[in-house]
Number of protein chains: 2
Amino acid sequence: MDRFTRLCKAKGLKITPQRMAVYEALKNSKEHPSADRIHKQLMPTFPSISLDTVNRTLITFARIGIINVVEGQGDPRRFDPNREDHHHFYCLSCTKIFDFHDPDLEQIRIPDQVTRMFTITGKRLCLSGYCNECRHQKAETAAPAN
Amino acid sequence: MDRFTRLCKAKGLKITPQRMAVYEALKNSKEHPSADRIHKQLMPTFPSISLDTVNRTLITFARIGIINVVEGQGDPRRFDPNREDHHHFYCLSCTKIFDFHDPDLEQIRIPDQVTRMFTITGKRLCLSGYCNECRHQKAETAAPAN
DNA sequence: TATTAAATAGGATTAATACGTATTTGTCAA
DNA sequence: TTGACAAATACGTATTAATCCTATTTAATA
């Protein structure tokens, strides 16, 4: 019995073909896709699956801790199958999210004032700016008004 | 001439009553409000202002660097008038965002591999979990399925 | 104070998400 | 193995957020 099955059982979730499909699709994704994106991806092989189910499933997975909902800037909600400690760079232009790791950053210690006030379940350094593809076009896109 | 006026002029933005109102409303806010929230807040004193204008104005402000768009988890887009270096705690339950500062965290050094690949304009430690008000209810809210 | 480009209001549209409900389907115990 | 039941699904509808369109207004400037 694999990790996924085990976790579902432990949390009292039924193992359905839809859930397996969503899990597989997200696991194999190198991006940080939205529900809509995963739904589109599944359509060819699983035409009957509904967007609502994909969305609910992803949120359920996030709640039980198989995946994460990640920070965006008003985008549709996006998900991350990578549950190792890592950090994100968010491109303000194309809205892609890039992962990175760094041993020094693992040392980041959360101040006591914070742990006293809140129960912390997630910790991430969030960088934003322009990715390599976008930064050359930045001058233009950042120019005009309103 | 105040900071706001100066910045608008420098960026070639016209100074309109709407922009001044939006700027004031956000500056005086202790939260990290959405466009809709600010619009509602302005309605009593500025009934003719449209949500579209509020939204466009906030995005414009973010683009010229007066304010920031902040990380959320699929929420409506939210804004932050605080442009000092600071960090965020995001409550998964009530979606409030709390600011915090810490001298140690100012020392965080972005790895070279990252600065080489991207142009970084924003840096923030993003914590998530449950705020003091919500953590006591956590047991219940985190329980059931789907 | 006349000109003009920029900005606004507000209705319409699109997109993302959530809801309601009838139906289907895993799960578990007999 | 099967029957019962709670859980999950599909899908239509509703809601909410964001954006677009365009006629009108307005701030800036000379």
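The figures here come from the full heavy-atom set of this structure, side chains too, leaving out hydrogens, waters and symmetry mates. Quick note on labels: first sequence line is chain A, next is B, and so on, each numbered from 1.
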Original post:
Where the side chain of A:R77 meets the backbone of A:N55, is there a donor-acceptor pair that is under 3.5 Å apart?
Top reply: no

**OP:** Please work out if A:I59 contacts a base, only the sugar-phosphate, or nothing of the nucleic acid, heavy-atom cut-off 4.0 Å.
**Re:** sugar-phosphate

Original post:
For A:Q18 and D:dA10, is the shortest distance between a side-chain N/O and OP1 or OP2 below 4.0 Å?
Top reply: yes

Original post:
Under 4.0 angstrom, heavy atoms only, what part of the nucleic acid is B:I49 near: base, sugar-phosphate, or nothing?
Top reply: sugar-phosphate

Original post:
Does A:R56 have a side-chain nitrogen or oxygen under 4.0 Å from the phosphate oxygens OP1 or OP2 of D:dT9?
Top reply: yes

Original post:
Any side-chain N or O of B:N55 less than 4.0 Å from the OP1 or OP2 oxygen of D:dA17?
Top reply: no

Original post:
Would one find a side-chain N or O of A:R77 under 4.0 angstrom from OP1 or OP2 of C:dA18?
Top reply: yes

Original post:
Just how far, in rounded Å, is P of C:dG26 from NZ of A:K9?
Top reply: 12 Å

Subject >> Phosphate contact (D:dT26 OP1 or OP2) by B:T16 side-chain N/O below 4.0 Å >> reply: no

Original post:
Is the phosphate of C:dA7, meaning OP1 or OP2, less than 4.0 Å from a side-chain N or O of B:T57?
Top reply: no

Original post:
Taking for each residue the nucleotide of DNA chain D with the nearest heavy atom, is it B:L51 or A:D52 whose nucleotide lies nearer the 5' end?
Top reply: A:D52

**OP:** Return no unless some side-chain N or O of A:R19 is found under 4.0 Å from OP1 or OP2 of D:dA8.
**Re:** yes

**OP:** Evaluate the side-chain contact (heavy atoms from CB on, under 4.5 Å) criterion for residues A:T121 and B:S128: first the C-alpha distance (whole Å), next the side-chain angles of each, then the deciding distance (0.1 Å), finally the verdict.
**Re:** CA-CA 6 Å; A:T121 62; B:S128 54; 4.2 Å; yes

Subject >> Shared hydrophobic cluster for B:F61 and B:F46 (ILVMFWY, side-chain gaps under 4.5 Å) >> reply: yes

Subject >> B:S34 vs D:dA17: side-chain N/O to OP1/OP2 distance below 4.0 Å >> reply: no

**OP:** Looking at every strand, decide which applies to A:S50 at a 4.0 Å heavy-atom threshold: base, sugar-phosphate, or nothing.
**Re:** base

**OP:** Report the relative orientation of the aromatic rings in A:F89 and B:F118; use parallel for angles under 30°, tilted for 30 to 60°, perpendicular for over 60°.
**Re:** parallel

**OP:** Tell me what A:P17 touches on the nucleic acid: a base, only sugar-phosphate, or nothing, going by heavy atoms under 4.0 Å.
**Re:** sugar-phosphate

